[in-house]
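Read through the structure below, which is laid out as structure tokens, and then see the notes.
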Amino acid sequence: MQIDEVTISRAITESFMKDFMEAMEVEVAIGGAGPAGMTAGYYLAREGVKTVIFERQLRVGGGMPGGGMMFNRIVVQEEGKKLLDEFNVKTREYEKGYYIADSLEATSTICSKTIKAGAKIFNSISVEDVMVRGDDRITGLVLNWSAVPLAGLHVDPLAIRAKVVIDATGHASEICHIIVNKIGDKLRTKMGRVVGEKPMWAEVGEKEIIENTIEVYPGLIVAGMAANAVLGAPRMGPIFGGMLLSGKRAAYVAIEALQQLKSSQ
Ligand code: 48F
């Protein structure tokens, strides 16, 4: 067989565009393919929900591959270990109740299972704005290639429609900030704004992240570190159980929000 460069180029362009067009009308759109966003995507896709994830970086995983201070290990507690077991990520007990996993195995396995479950992940694309319609409800995301702002180019974005959005953009909680900047202090938090994360306290951060995984604005759910940043809870450093559990919870909060939307229409 002769290899033709143009056939390769056509294969890439055509199949990418097909998936991108498909992603323009989804049930759930997730900003950020860190541990929380990918875990949310995995459980949503497993439940048959049409889900897409947009990730700014070239690579997925957010803060997970870097482990603790670039030592590529993560620690999870008992509940987090059960979730890593579900993904079939190997863990080893370090001391009673503390489990270690390889951060690269965790990242690559969760990513692979999320895609195989049916969620689409688009890397190198940033969420730069949102769409809000009707009675104050987020209805979509506004996207641009991540390289555009890096190059300082003036290029207008494109938009996709989603019934529910998950802000899994980590510490920066970018989608929630966009809502506050453009719509006002309307988040379901103290004062309606992003409260901001508190100093590191792993015990409290890991507990509160689950309670903080809520719908903070109609159609917008927070997951992972964004949940603690928006609701004003501590960061927790390289213990990742809370991120995975929050991602899983966000999937089911999103499913509930989809059901409520359906019954209100
Ligand atoms: O930061 P990140 O890993 O968030 P997470 O899933 O997990 C937090 C932990 O990694 C760690 C921690 C553990 O205790 O505190 O920090 O909550 O992943 C967030 C992803 O979102 C991407 C970003 O590149 C990262 O991969 N992201 C951020 N803003 C945008 C975005 C945006 N506007 N559009 C698209 N992706």
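Indexing begins at 1, ligand by ligand and atom by atom, following the structure's order.
- Salt-bridge check for K81 with E93: failed, with every basic side-chain N at 4.0 Å or more from each acidic carboxylate O.
- No side-chain donor-acceptor contact under 3.5 Å links S246 to the backbone of A223.
- The shortest heavy-atom distance from R235 to ligand 1 is not under 4.0 Å.
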Check your understanding: Checking side-chain hydrogen bond (donor to acceptor under 3.5 Å, both in side chains) for the pair R249/T213: CA distance, chi angles, key distance, verdict?
Key -> CA-CA 7 Å; R249 183 173 153 83; T213 305; 4.8 Å; no
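- For Q77, the side-chain contact (heavy atoms from CB on, under 4.5 Å) partners two or more places apart in sequence, or in a different chain, are E79, E206, I239.
- Scanning the protein for heavy atoms near atom 3 (O) of ligand 1, the closest one is G63 N, 2.8 Å.
- Under 4.0 Å from ligand 1, heavy atoms of M225 appear from its side chain as well as its backbone.
- The contact set between ligand 1 and G224, taken as ligand atoms under 4.0 Å from a residue heavy atom, comprises 17 (O).
- Considering G205, G170, S246 only, the shortest heavy-atom separation from atom 4 (O) of ligand 1 involves G170.
- Counting only heavy atoms of the protein, atom 15 (O) of ligand 1 lies nearest to H171 NE2, 3.4 Å.
- The closest protein non-hydrogen atom to atom 21 (O) of ligand 1 is G32 CA, 3.2 Å.
- Where the criterion is an N or O separation shorter than 3.5 Å, residue side chain and backbone included, P238 fails it with respect to ligand 1.
- A distance of 9.0 Å separates OG1 in T91 from CD in E78, rounded to the nearest 0.5 Å.
- The pair D102-K90 does not meet the salt-bridge criterion, since no charged nitrogen lies less than 4.0 angstrom from a carboxylate oxygen.
- At least one N or O atom of V127, backbone or side chain, sits closer than 3.5 Å to an N or O atom of ligand 1.
- Listed by number with element, the atoms of ligand 1 under 4.0 angstrom from any heavy atom of F54 are 35 (C), 36 (N).
- For I125, the closest heavy-atom approach to ligand 1 falls below 4.0 Å.
- Residue contacts with ligand 1 do not include M38, since none of its heavy atoms lies under 4.0 Å from the ligand.
- Among the candidates R161, K50, K163, the single residue satisfying the side-chain hydrogen bond (donor to acceptor under 3.5 Å, both in side chains) test with E25 is R161.
- Remark: side-chain polar atoms of S173 are not paired, donor with acceptor, to backbone N or O of T169 under 3.5 angstrom.
- Here I239 has backbone heavy atoms under 4.0 Å from ligand 1, and that is the only part of it that gets that close.
- The closest protein non-hydrogen atom to atom 23 (C) of ligand 1 is E55 OE2, 3.5 Å.
- Using a 4.0 Å heavy-atom cutoff, A168 is listed among the residues neighbouring ligand 1.
- In this structure, the protein non-hydrogen atom closest to atom 8 (C) of ligand 1 is M243 SD, 3.5 Å.
- Salt bridge E203/K207: absent, no basic N to carboxylate O contact under 4.0 Å.
- Residue-level proximity to ligand 1 for R56 is carried by backbone and side chain together, each with a heavy atom below 4.0 angstrom.
- Look at G237 and you'll find a heavy atom under 4.0 Å from some atom of ligand 1.
- Inclusion of S126 in the set of residues having an N or O under 3.5 Å from an N or O of ligand 1 is not warranted.
- The nearest protein atom to atom 30 (C) of ligand 1, hydrogens excluded, is given as T169 CG2, 3.7 Å; this is a heavy-atom distance.
- No donor-acceptor contact under 3.5 angstrom links the side chains of S146 and S124, judged on distance only.
- Taking atom 18 (O) of ligand 1 as the reference point, the nearest protein heavy-atom neighbour is G34 CA, 3.4 Å.
- Under a 4.0 Å criterion applied to the non-hydrogen atoms of M236, ligand 1 contributes the atoms 14 (O).
- Using a distance-only test at 3.5 Å, with no hydrogens or angles considered, a donor-acceptor pair links the side chain of T114 to the main chain of M38.
- Atom 6 (O) of ligand 1 has as its closest protein heavy atom A36 N, 3.0 Å.
- Polar contact check, A223 against ligand 1: no nitrogen or oxygen pair lies under 3.5 Å apart.
- Near Q57, the atoms of ligand 1 lying under 4.0 angstrom from a non-hydrogen atom of the residue are 24 (O).
- In this pair, Y252 and Y43 present their aromatic rings tilted. The plane angle is within the 30 to 60° band.
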Practice item. Report the C-alpha separation of F20 and F122 in whole Å, then their side-chain angles, then the decisive distance to 0.1 Å, and conclude whether the ring-ring contact (aromatic ring centres under 6.0 Å, His included) test is met. Key: CA-CA 8 Å; F20 194 53; F122 290 91; 5.5 Å; yes
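- Between the side chain of T39 and the backbone N or O of G247 there is no donor-acceptor pair closer than 3.5 Å.
- Between Y42 and F87, the ring-plane angle classifies as tilted under the 30° and 60° cut-offs.
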